[in-house]
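Keep in mind that the numbers below use all heavy atoms, side chains included, and drop hydrogens, waters and symmetry copies. Note that the structure is predicted; figures quoted are calculated from it, not measured.
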Amino acid sequence: MSANGWAIHAQGLTKRYGSLVAVDHVDLEVPAGSVFGLLGPNGAGKTTIIKVLTGLSDITEGTAHVAGYDVRRDPMHVKQRVGWVAAEVILDDDLSGWENLWLQAKLERLSDWKGRAEQLLAYFELTDRRKDKVGTYSTGMRKKMEIALALLHQPEVIFMDEPTIGLDANVRRMLWELITGVNKQFGVTVLLTSHYIEEADVLCDRVAIIDHGRFVATGTPSELKGRVKADFVEIETSEALDPARLRAIAGVTDVRSQGNAWILRVGSAEEALPRLFHALQTDRIRRINVEKPSLESVFIDITGKRIEQAGSDVQDYRKFYLNVRRARR
Ligand SMILES: Nc1ncnc2c1ncn2[C@@H]1O[C@H](COP(=O)(O)OP(=O)(O)OP(=O)(O)O)[C@@H](O)[C@H]1O
Ligand SMILES: [Mg+2]
């Protein structure tokens with residue numbers, strides 16, 4: 001941890017790929033011991049921020065300190081002090097839980113790891129399955145194993161890129177509890193990316209909402225939600241709709257298009273909906289969705305669009321561990 005209490009501290013952090021600005025002058029302050037969320041749609045720059053903070057990708061402009069080290073000047077130390085949990089590519093299904101920990105210790109060139117491995121297995125309630133092949137583990141157990149591997153070298157900060165993508169609701173909730181538990185139990189700072197609104201809301205002490213490489217809002221989830229003084233109604237009809245008709249409805253303060261749908265900003269959904277149904281009675285309403293103040297509505301309020309679903313970056317995780325391996329040689 002750096003002297004001023006930040007686990008991660010970046011100023012003017014910028015990453016360009018040619019003319020594309022993937023991360024655009026971002027200031028980031030993550031207190032040590034907290035859970036911080038980067039929330040944003042596809043291509044917003046979430047994974048790129050993780051890549052530049054972990055030294056996997058060069059910083060184009062700006063400064064960043066992670067776990068007390070300057071990422072540009074001392075990337076090797078940064079790599080040794082952080083862990084990265086991504087989609088389940090790091091587990092070797094043909095090895096047992098214990099053997100996976102052993103392999104991780106080899107990759108990380110750790111000498112004194114067995115006590116820590118025992119502690120992690122006990123914490124994740126995997127001790128009695130330690131000799132079983134990881135291929136036989138349930139999804140939840142595999143998730144626990146991935147986190148155990150990331151924690152083996154006692155990192156100060158762990159990065160989790162879309163940790164719950166593709167998981168069913170039960171496993172996702174279990175993982176939320178695990179992330180909170182690990183944060184408290186091991187005192188490790190967590191920076192995670194997500195486009196699940198509820199995830200960021202439930203898990204994170206602070207959230208940065210990101211769009212086109214810029215932080216459009218930062219704060220605690222309740223601070224951010226408190227900023228929006230409106231409801232949003234998303235409506236899709238089977239016939240083309242003239243937005244002027246929507247704008248003419250009392251209580252509608254803004255109308256924006258989103259694909260085939262329209263997003264209406266209204267003072268109160270309860271008051272606006274009856275008027276909306278009345279005004280559109282001749283149209284066939286195919287879908288209607290009401291967004292009360294939430295992190296999603298913060299995003300809609302600022303950008304006029306929704307945060308959508310995405311995939312994760314599996315290859316980068318492998319590269320990250322190869323780099324750690326090289327760093328330890
Ligand atoms: N190696 C690269 N070369 C060129 N452009 C890149 C590279 N990596 C990322 N980008 C671009 O940078 C932007 C940000 O991508 P990034 O992967 O950080 O987004 P993301 O927020 O993680 O999105 P997702 O939710 O889809 O994972 C995108 O426009 C992407 O195409
Ligand atoms: Mg990504």
Please check this pair: side chain of [X] against backbone of [Y], looking for a donor-acceptor N/O pair closer than 3.5 Å.
{"X": "T48", "Y": "K46", "result": "no"}
{"X": "R116", "Y": "L151", "result": "yes"}
{"X": "S57", "Y": "K51", "result": "no"}
{"X": "H153", "Y": "V82", "result": "yes"}
{"X": "R286", "Y": "E236", "result": "no"}
{"X": "R287", "Y": "I235", "result": "no"}
{"X": "S294", "Y": "E296", "result": "yes"}
{"X": "R206", "Y": "F36", "result": "no"}
{"X": "S34", "Y": "D205", "result": "no"}
{"X": "N100", "Y": "S96", "result": "yes"}

Could you measure the distance from the [atom1] atom of [X] to the [atom2] atom of [Y]? Nearest 0.5 Å is fine.
{"X": "S138", "Y": "M174", "atom1": "OG", "atom2": "CE", "result": "7.5 Å"}
{"X": "I249", "Y": "L276", "atom1": "CD1", "atom2": "CG", "result": "4.5 Å"}
{"X": "L56", "Y": "W84", "atom1": "CG", "atom2": "CH2", "result": "5.5 Å"}
{"X": "L38", "Y": "F215", "atom1": "CG", "atom2": "CZ", "result": "5.0 Å"}
{"X": "H9", "Y": "L28", "atom1": "NE2", "atom2": "CG", "result": "8.5 Å"}
{"X": "K143", "Y": "R172", "atom1": "NZ", "atom2": "CZ", "result": "10.5 Å"}

Counting only heavy atoms not in [X], do more than 12 fall under 6.0 Å of its [atom1]?
{"X": "R214", "atom1": "CZ", "value": "no"}
{"X": "K133", "atom1": "NZ", "value": "no"}
{"X": "D168", "atom1": "CG", "value": "yes"}
{"X": "E177", "atom1": "CD", "value": "no"}

Do [X] and [Y] have side chains that approach each other closer than 4.5 Å (heavy atoms only, starting at C-beta)?
{"X": "Q11", "Y": "V26", "value": "no"}
{"X": "D70", "Y": "T63", "value": "no"}
{"X": "T218", "Y": "V207", "value": "no"}
{"X": "N183", "Y": "T180", "value": "no"}
{"X": "L149", "Y": "L91", "value": "yes"}
{"X": "L39", "Y": "F299", "value": "no"}
{"X": "I8", "Y": "F159", "value": "yes"}
{"X": "Y123", "Y": "Q185", "value": "yes"}

Linked, directly or transitively: [X] and [Y] (ILVMFWY side chains, under 4.5 Å):
{"X": "M160", "Y": "V171", "value": "yes"}
{"X": "V21", "Y": "L13", "value": "no"}
{"X": "V266", "Y": "I285", "value": "yes"}
{"X": "I147", "Y": "L110", "value": "yes"}
{"X": "I50", "Y": "Y17", "value": "no"}

Kindly determine whether K131 and E99 satisfy salt bridge (charged side-chain N to carboxylate O under 4.0 Å, His left out), including the steps that lead there. CA-CA 8 Å; K131 290 185 181 158; E99 287 164 340; over 6 Å; no

With R81 as the cation and Y69 as the aromatic partner, state whether NZ or CZ is under 6.0 Å from the six-membered ring centre and within 45° of the axis. no

Does NZ or CZ of K184 come closer than 6.0 Å to the centre of the six-membered ring of F186, within 45° of the ring's axis? no

Below 4.0 angstrom, N of the basic side chain to O of the carboxylate: do [X] and [Y] qualify?
{"X": "D301", "Y": "R265", "value": "yes"}
{"X": "K15", "Y": "D58", "value": "no"}
{"X": "E61", "Y": "R16", "value": "yes"}
{"X": "E118", "Y": "R130", "value": "yes"}
{"X": "R142", "Y": "D93", "value": "yes"}
{"X": "D211", "Y": "K305", "value": "yes"}
{"X": "E198", "Y": "R173", "value": "yes"}
{"X": "E270", "Y": "K292", "value": "yes"}
{"X": "R129", "Y": "D132", "value": "yes"}

Verify side-chain contact (heavy atoms from CB on, under 4.5 Å) between M141 and L126, making sure each step is shown before the conclusion. CA-CA 8 Å; M141 292 165 75; L126 289 169; 3.7 Å; yes

Looking only at heavy atoms, what is the nearest atom pair of [X] and [Y], with distance?
{"X": "I209", "Y": "L295", "result": "CD1-O, 3.9 Å"}
{"X": "D24", "Y": "T14", "result": "C-OG1, 4.1 Å"}
{"X": "S297", "Y": "E291", "result": "CB-CG, 4.0 Å"}
{"X": "M145", "Y": "V134", "result": "CG-CG2, 4.4 Å"}
{"X": "L101", "Y": "A117", "result": "CD1-CB, 4.1 Å"}
{"X": "G45", "Y": "V23", "result": "O-CG2, 3.9 Å"}

Would you please say whether a donor-acceptor pair under 3.5 Å links the side chains of T164 and E199? yes

Does one side chain, of D161 or T47, offer a donor that lies under 3.5 Å from an acceptor on the other? yes

Worked verdict on L175 versus L167 for side-chain contact (heavy atoms from CB on, under 4.5 Å): CA-CA 9 Å; L175 196 57; L167 298 178; 3.8 Å; yes

side-chain contact (heavy atoms from CB on, under 4.5 Å) for L246 and L280? Distances and angles first, verdict last. CA-CA 9 Å; L246 298 172; L280 300 182; 4.1 Å; yes

CA sep, side-chain torsions, deciding dist, call: R256, D254, salt bridge (charged side-chain N to carboxylate O under 4.0 Å, His left out): CA-CA 7 Å; R256 301 198 198 191; D254 192 20; 3.0 Å; yes

Verdict with supporting geometry, L178 and F124, side-chain contact (heavy atoms from CB on, under 4.5 Å): CA-CA 8 Å; L178 275 184; F124 290 117; 3.7 Å; yes

